[in-house]
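Report on the following structure.
Each chain gets a letter, A, B and so on, in the order its sequence line appears, and its residues count up from 1.
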2 protein chains.
Amino acid sequence: MIAITRPTLLLNEKQCKINIQRMADKAKRLNVQLVPHFKTHQSSEIGEWFKGHGIENITVSSVKMAEFFARSGWSNITVAFPFNMHEIPAVNRMLKQNVKLTLFVVNTEVIHRLNEELEAPVNLFIEMDAGYGRSGVSTKDIAKVKKLAALIEAGHMTNLYGLYCHPGNTYHANSVEEIKSIWADVIQKMSAVKVALGSAGDSLKIRVGDTPGCAVVEEMEGVDEIGPGNFVFYDLVMNYLDVCTESDIAVAMACPVVAKNEDRNEIIIHGGAVHFSKDHLFDENEEKFFGEVVVLEEEGWSPILEGIKLVSLSQEHGVLSATPEVFEAIEVGDVLGVLPIHSCLTANLMKSYTTFNGQEIKHLESF
Amino acid sequence: MIAITRPTLLLNEKQCKINIQRMADKAKRLNVQLVPHFKTHQSSEIGEWFKGHGIENITVSSVKMAEFFARSGWSNITVAFPFNMHEIPAVNRMLKQNVKLTLFVVNTEVIHRLNEELEAPVNLFIEMDAGYGRSGVSTKDIAKVKKLAALIEAGHMTNLYGLYCHPGNTYHANSVEEIKSIWADVIQKMSAVKVALGSAGDSLKIRVGDTPGCAVVEEMEGVDEIGPGNFVFYDLVMNYLDVCTESDIAVAMACPVVAKNEDRNEIIIHGGAVHFSKDHLFDENEEKFFGEVVVLEEEGWSPILEGIKLVSLSQEHGVLSATPEVFEAIEVGDVLGVLPIHSCLTANLMKSYTTFNGQEIKHLESF
């Protein structure tokens, strides 16, 4: 195994490529276009792995990330975030370099500003909310959608491309059936909006963006494009939702054991909030935990160990609580694997990936 | 005011310098040595601001951070984390460059390894646990302290420097009186350990490391050194503990408003978990929140606004919940200030500070 001295984010390159392949195959099978979200990996190199599947259009979550991937050679980028009007100068710089941008709008102010200040045209999605309740125009508010659509079409710098929905409520579903039911509802509501727009709606694309739905839903009639991100790595949240198997998870933190506390059967690892993020899940006893432990192997890791969990994080410390048997088997100086709760945030903190052959793969911020 | 286009961590340089001055003055007044913890700011430039107060010795939370500050010219560094034996080669590299290092030990294995593999001597603190329950040898376990002390003294590369305690339980205290009482207990327990060590204990330094205690305790008899970190910026946790006033908080996130949802009186800002971290507090109704809102001004910000709070975070989105009046007063395109819950984690994510005159101050990872 490669030598680990510090908290390190291990990437199972083979599994990651399988995850990409599987989503690309599914999109082809269901006749939808995969426009993958790159906010999870934020890596130029991992981005390259999509190109073999014919992917030319990508999604990101900020203009800064769009700038990064534009520099990495991507020329058709959706910024899946209600557009921040202060970013117009940055958008103009990218447009000048022939990057084709698709932005999100949810209000008239931003459409006006885009038409006043853009130096070249952009495509726009109207972001829709079909029940998640974060951002987006409610699918019930047909009057507002019509108003935005008319304003976009009247603008000389804005072209209405489609309707986008991120049904983030699938992350809180209790079963795969519930995820499927949320999607059926989303598709029905989005299609109704399109119909309500009349002829203006005919050419609009419908894109839906969550990994849980994109991974498990097989009925995508009415959807033109999907934009999942997390599926490249998956994580414990996705595994708890039954959206992926444990073995689909393609990243694990490697953390050195620095201390053992015999009185409490607790083990201290170097691996804290600055490595994992503070996202957590609750176990069967409603106890919060921050990661599951695996044994690192030459080219991968074991199934999740029973009897040990990452139960607390401070800035650099992680505290594992273990049964006496598991506690005994672990020694100071061991390097343990820990599957992350939320791989997007862990990757964002770690800023680089290490493959099983020791290659370092960079993340946006490391450039 | 400086133009803000993206989520930006604003630093009130004047207040930060006041916070440093105040802690340095207090240390002098109470006759303890301030060995400030640099894990909060992680900035070479902010580090320089301590030098005017005669600070030559600093504390960090990882060997990586020690390497960074060694490159920035600091030559006496405590790594306040149970030493990870895999870092010995990195320690040897710093020792070769005449950096004087003080490490933490909590077990015999690490002391053996240090003596086997170090190429020059280091000072060691035995980390003590006086009731916090994270890492450290229990102050009740005199036999273990004696064993470790003897082993350290017998080693040709290890010199016993002192006893260190981070009473992190002060972060969960319900009053300033409780913080003071925790400290009185820590001092009493640490002093008892020192006495129990007999003549071996005479020359040992006692260092205590939490910001809440260092900020409010006035009785430090028995303590030789203090190692607080968070006080440079403070944050909402410290304000809720009554450890600092609201106006002592020296950092605020500046976040553009990108959307308003009239149905729910919710405002969407660009500012999410990748900017703030997911640390939170609970309001008087036991509702979780992730930051308090302020109005940004030319050289600072207003008091905390009533009737609005940052109630939810996803990767890039922040959701503010507001009363109808506050909701009406905020417009898409405004840039709001948000005081962070936990400034150490926000700074670690943002990786740079912007002062009121637009100067950018770098953080460790940006180098």
Side-chain angles (χ1 to χ4, degrees), chain A residues 3-7 39-40 61-64 81-87 89-90 106-107 109-110 113 127 129 133-136 138 141 168 256-261 263-264 266 268 270 272-274 277-280 312 314-317 319 331-333 335 342 344-345 348-349 351 365-366, chain B residues 3-7 39-40 61-64 81-87 89-90 106-107 109-110 113 127 129 133-136 138 141 168 256-261 263-264 266 268 270 272-274 277-280 312 314-317 319 331-333 335 342 344-345 348-349 351 365-366:
Chain A
I4 301 284
T5 59
R6 293 177 179 179
K39 75 173 180 137
T40 301
S61 55
S62 69
V63 173
K64 181 180 172 189
F81 189 84
F83 185 70
N84 163 13
M85 56 173 79
H86 301 289
E87 298 276 22
V106 291
N107 49 48
E109 298 93 312
V110 171
R113 281 286 280 274
E127 187 191 5
D129 178 9
R134 185 177 64 180
S135 56
S138 169
D141 195 349
V257 172
V258 297
K260 293 181 68 178
N261 191 303
D263 301 341
R264 299 188 295 269
E266 284 180 356
I268 308 288
H270 189 194
V274 297
S277 92
K278 284 217 172 162
D279 261 328
H280 51 265
S312 164
S314 38
Q315 184 160 347
E316 304 262 358
H317 297 72
V319 179
E331 289 179 15
V332 170
V335 176
H342 186 173
C344 308
L345 296 188
N348 182 68
L349 281 160
K351 306 278 179 240
E365 300 280 352
S366 321
Chain B
I4 301 284
T5 58
R6 293 178 179 178
K39 75 174 180 137
T40 301
S61 56
S62 69
V63 172
K64 180 181 173 190
F81 189 85
F83 186 71
N84 163 12
M85 57 174 78
H86 300 290
E87 298 276 21
V106 290
N107 50 48
E109 297 94 312
V110 170
R113 281 287 279 272
E127 187 191 6
D129 178 8
R134 184 178 64 181
S135 56
S138 169
D141 196 350
V257 171
V258 297
K260 292 181 69 178
N261 192 302
D263 301 342
R264 298 188 296 269
E266 284 180 355
I268 307 288
H270 189 193
V274 296
S277 94
K278 285 218 173 162
D279 261 326
H280 52 265
S312 163
S314 39
Q315 184 159 345
E316 305 261 358
H317 297 70
V319 180
E331 290 179 13
V332 171
V335 176
H342 187 173
C344 309
L345 296 189
N348 182 69
L349 281 160
K351 308 276 178 242
E365 300 281 353
S366 321

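- When each of A:V257, A:V110, A:I268 is checked for heavy-atom pairs under 4.5 Å with chain B, A:I268 comes out on top.
- Checked by atom type and distance alone, the side chain of B:H86 pairs as donor or acceptor with a backbone atom of A:G333 at under 3.5 Å.
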Query - side chain to side chain contact (heavy atoms under 4.5 Å, CB included) between B:V106 and A:V332, intermediate numbers included - result: CA-CA 11 Å; B:V106 290; A:V332 170; over 6 Å; no
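- Note: B:E87 leads B:M85, B:E87, B:E109 in heavy-atom pairs under 4.5 Å with chain A.
- Expressed to the nearest 0.5 Å, how far NZ of A:K260 lies from OG of B:S135 amounts to 15.5 Å.
- Interface check for chain A: of the options B:E127, B:R6, B:H270, the most heavy-atom pairs under 4.5 Å are formed by B:R6.
- Within the 4.5 angstrom heavy-atom criterion, atoms from both the backbone and the side chain of A:V63 approach chain B.
- Two residues are said to be in side-chain contact when any heavy atoms from C-beta on lie closer than 4.5 Å; B:P82 and A:H317 meet this criterion.
- We find the CG-CD distance between B:N107 and A:E331 to be 11.0 Å, quoted to the nearest 0.5 Å.
- In this structure, the side chain of B:N84 engages the main chain of A:T5 through a donor-acceptor pair within 3.5 Å.
- Rounded to the nearest 0.5 Å, atoms NZ (B:K278) and NE2 (A:H342) are 6.5 Å apart.
- The candidate from A:D279, A:N261, A:D263, A:V319 with the greatest count of non-hydrogen atom pairs under 4.5 Å with chain B is A:D279.
- For chain A, no part of B:D141 is nearby; none of its heavy atoms comes within less than 4.5 Å.
- For the set B:A90, B:S312, B:G133, the count of heavy-atom pairs under 4.5 angstrom toward chain A peaks at B:G133.
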Residue pair A:N348, B:L349: steps toward the side chain to side chain contact (heavy atoms under 4.5 Å, CB included) verdict: CA-CA 9 Å; A:N348 182 68; B:L349 281 160; 3.7 Å; yes
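- With a 4.5 angstrom heavy-atom cutoff, B:A3 does not touch chain A via any of its atoms.
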Step-by-step side chain to side chain donor-acceptor pair (under 3.5 Å) determination, A:E316 to B:S61: CA-CA 7 Å; A:E316 304 262 358; B:S61 56; 3.1 Å; yes
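- Taking CD of A:Q315 as the reference point, atom CZ of B:F81 lies at 10.5 Å (rounded to 0.5 Å).
- Formation of a donor-acceptor pair under 3.5 Å by the A:R264 side chain with backbone atoms of B:R134 is found in this model.
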